[in-house]
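Since the structure comes first, as structure tokens, the remarks are kept for the end.
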Amino acid sequence: MRPQYNVRRPGYRGQRPPYRQAGRGNGMYRSVRSGGSVLAAIRANANRMPDAGAVADEAYIPQHQFNDFAISQALKDNIAAKGYVTPTPIQDQAIPAILAGRDLIGIANTGTGKTAAFLVPLIEKIVQDKNQRALIVTPTRELALQIGQELREFSRGLGVRWAMIIGGAGMWRQKQDIRAGAHVVIGTPGRLKDMIGERVLSMSQFRNVVLDEADRMVDIGFINDIKYFISLLPQARQSLFFSATISGKVSEVLAQFVKDPVTVSVGKQDAARGIAQSIVQVTNGKKKIEYLHDLLNQEGFDKVLIFGRTKWGVEKLASELVTRGFKAGAIHGNKRQSQRQRTLMQFKQNEISILLATDVASRGLDIEDVSHVINYDLPESYDDYIHRIGRTGRANKTGTALTFVD
């Protein structure tokens with residue numbers, strides 16, 4: 001059932017919602033100026049609604065509980081303090097393999113628990129041998145910070161030191177953290193390359209290396225940097241590779257990185273199964289901003305993530321929404337890291353109800369209870385579309401994704 005238009009601001013004249021399911025009404029398949037192949041794929045799913053069992057996990061019988069893993073009791077206590085009892089499929093399969101010293105290929109979407117899948121065994125290795133060093137490379141600052149938060153909670157009281165090496169933050173503190181003997185370095189490619197160039201960071205010390213969301217790093221254009229990092233790593237190392245997909249250039253990285261790996265593949269069948277997907281058809285000369293304004297006035301649009309294509313466009317749209325009385329904020333590459341983190345925290349704590357983002361800035365976002373994802377601009381690829389809409393319908397909840405087409 002479609003949501004009804006309810007007036008929530010004085011002077012607003014209610015009308016029917018401007019979005020329709022694909023295949024209903026006329027004119028839904030008119031041509032667009034760009035993104036034709038992406039649009040065709042989106043339209044193929046645009047009448048899709050989650051059914052009664054859509055958000056249940058695929059039938060999987062875990063072989064372990066967290067208490068079963070060969071890890072220290074202090075680490076088990078930290079895991080229990082987070083409320084973790086039964087591992088997710090990737091945790092259940094990856095943790096024993098990593099503890100056994102095997103290289104690993106983890107094919108998993110975001111939201112499957114892969115961060116804990118590599119952090120738990122890496123922390124255990126460091127607890128047992130404080131000479132161990134681990135490097136975790138991620139595509140974006142937000143994902144790096146998310147991993148850092150998880151690392152802090154899992155390693156509480158275990159004497160594990162770590163450094164966050166990302167752009168948009170002061171380098172002096174980052175250099176100090178490295179020089180203080182960080183056991184774990186979490187970083188984005190650009191800043192890691194800076195540290196290597198200044199001879200602050202030596203890749204030869206890392207015998208445990210994680211490439212997280214490798215496909216995203218390739219998409220963003222970091223493939224040469226990743227190959228450069230691999231060329232500097234010691235031959236004797238444990239290599240952990242996580243990616244939602246493996247094809248093309250990602251395979252080039254993979255071939256250079258792992259040796260005799262264990263492959264764990266989970267959660268790749270249907271990343272959007274719990275998400276209702278519809279198209280917003282912009283017609284009759286009405287501006288997109290007016291359609292968006294009308295949508296955001298509706299009941300149920302409680303926590304909305306809006307994606308735009310450019311930094312300038314996202315910032316302009318956020319300013320326009322604030323002018324119209326909405327509580328909105330934006331994150332993009334031109335914002336300082338402190339600004340991005342402050343805006344994200346405001347969104348997480350419901351101080352603002354609308355967050356606007358570019359694709360690059362959104363990588364690794366894990367925000368609870370996002371009710372709607374709106375693609376104000378078409379994504380560059382269908383993979384980007386899946387990544388965007390996957391910010392809603394998380395943790396076995398349903399969500400709604402709307403895509404504007406003009």
Side-chain angles (χ1 to χ4, degrees), residues 2-20 32-35 141-142 168 278-363 365 367-380 384 388-389 391-392 399-406:
R2 296 177 185 172
Q4 298 298 309
Y5 253 50
N6 296 306
V7 180
R8 291 169 59 186
R9 283 182 173 80
Y12 172 71
R13 185 172 298 171
Q15 61 186 51
R16 289 176 61 82
Y19 63 89
R20 293 177 288 175
V32 294
R33 287 189 294 272
S34 64
R141 307 170 193 173
E142 278 69 32
S278 297
I279 284 176
V280 178
Q281 188 73 56
V282 180
T283 57
N284 301 324
K286 188 175 180 179
K287 293 182 179 180
K288 284 171 70 176
I289 184 62
E290 301 302 333
Y291 279 92
L292 180 62
H293 181 113
D294 292 348
L295 280 171
L296 295 175
N297 270 299
Q298 298 313 295
E299 294 292 343
F301 283 73
D302 301 318
K303 199 167 189 175
V304 182
L305 182 54
I306 300 174
F307 284 100
R309 184 177 296 114
T310 67
K311 293 176 282 190
W312 177 84
V314 162
E315 187 66 27
K316 180 181 178 182
L317 182 57
S319 297
E320 177 64 24
L321 290 177
V322 170
T323 299
R324 290 171 179 248
F326 295 100
K327 294 181 178 179
I331 59 172
H332 52 72
N334 285 350
K335 297 269 191 178
R336 293 193 305 272
Q337 188 59 35
S338 59
Q339 294 175 312
R340 286 160 66 163
Q341 286 304 111
R342 183 167 57 251
T343 301
L344 278 174
M345 189 57 63
Q346 290 175 330
F347 189 55
K348 289 180 177 181
Q349 297 178 349
N350 300 315
E351 296 173 13
I352 60 175
S353 58
I354 302 166
L355 178 66
L356 298 94
T358 55
D359 284 308
V360 171
S362 73
R363 301 298 183 198
L365 288 186
I367 301 169
E368 294 182 356
D369 301 324
V370 172
S371 61
H372 293 74
V373 168
I374 297 177
N375 297 301
Y376 192 75
D377 296 324
L378 283 174
E380 293 294 327
D384 284 339
R388 287 180 176 187
I389 70 173
R391 303 308 95 194
T392 186
T400 300
L402 305 175
T403 300
F404 278 61
V405 176
D406 56 11

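As the structure is a prediction and not an experimental result, all values here were calculated from the model.
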What do the steps show when you test Val280 against Thr403 for side chain to side chain contact (heavy atoms under 4.5 Å, CB included), and what is the final call?
CA-CA 6 Å; Val280 178; Thr403 300; over 6 Å; no
Set out, in order, the CA-CA distance, both residues' side-chain angles and the distance that settles side chain to side chain contact (heavy atoms under 4.5 Å, CB included) for Ile354 and Ile306, then state yes or no.
CA-CA 7 Å; Ile354 302 166; Ile306 300 174; 3.6 Å; yes
Would you check, one step at a time, whether the test salt bridge (charged side-chain N to carboxylate O under 4.0 Å, His left out) holds for Arg340 with Glu142?
CA-CA 9 Å; Arg340 286 160 66 163; Glu142 278 69 32; 2.7 Å; yes
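Panel note: side chain Ser353, backbone Lys303; no donor-acceptor pair is recorded below 3.5 Å. A distance-only check finds a donor-acceptor pair linking the side chain of Ser371 to the backbone of Asp302 [under 3.5 Å]. Side chain of Tyr291 to main chain of Thr283: a donor-acceptor pair is present (N/O by atom type, distance under 3.5 Å, no hydrogens or angles). Glu351 places no side-chain N or O within donor-acceptor distance of the main-chain N or O of Phe347, the cut-off being under 3.5 Å. With hydrogens and angles disregarded, no donor-acceptor distance shorter than 3.5 Å links the side chain of Asn350 to the backbone of Gln346.
Considering only heavy atoms from C-beta on, His372 stays 4.5 Å or farther from Thr392 through its side chain. Looking only at side-chain heavy atoms (C-beta outward), Phe307 and Asp377 stay at 4.5 Å or farther from each other. Put simply, the side chain of Thr400 does not reach to within 4.5 Å of the side chain of Val373, judged on heavy atoms. When side chains are defined from C-beta on, Val304 does not count as touching Leu355, because their heavy atoms never get closer than 4.5 Å. Between His293 and Leu321, the closest side-chain pair of non-hydrogen atoms is not below 4.5 Å.
The heavy-atom pair separating Arg141 from Arg336 by the smallest distance is NH1-C, 4.4 Å. Of all the heavy atoms in Ala330 and Lys335, the pair that sits closest is O-CE, 3.5 Å. When every heavy atom of Phe301 is checked against every heavy atom of Ile374, the shortest pair comes out as CE2-CD1, 4.4 Å. Smallest separation of non-hydrogen atoms from Leu317 and Tyr376: CD2-CD2, 3.6 Å. The shortest non-hydrogen separation linking Leu356 to Ala328 is CD1-CB, 4.1 Å.
Salt-bridge check for Lys287 with Glu320: failed, with every basic side-chain N at 4.0 Å or more from each acidic carboxylate O. Salt bridge Asp369/Lys348: absent, no basic N to carboxylate O contact under 4.0 Å.
For the atom pair CZ (Phe326) and CD1 (Ile352), the distance works out to 13.5 Å, reported to the nearest 0.5 Å. Atom CZ in Arg324 sits 8.5 Å away from atom CG in Leu292 (nearest 0.5 Å). In this structure, Ile289 CD1 and Lys316 NZ are separated by 9.5 Å, a value rounded to the nearest 0.5 Å. Here Arg309 contributes atom CZ and Asn375 contributes atom CG; the two are 10.5 Å apart, rounded to the nearest 0.5 Å. Atom NE2 of residue His332 and atom CG of residue Asp359 lie 14.0 Å apart, to the nearest 0.5 angstrom. Considering CG of Leu344 and CD of Gln339, their distance stands at 12.0 Å, rounded to 0.5 Å.
The environment of Lys288 atom NZ is dense: over 12 non-hydrogen atoms of other residues, nucleotides or ligands sit within 6.0 angstrom. For Glu368, the CD atom sits in a loose shell: 12 or fewer heavy atoms of surrounding residues, nucleotides or ligands are nearer than 6.0 Å.
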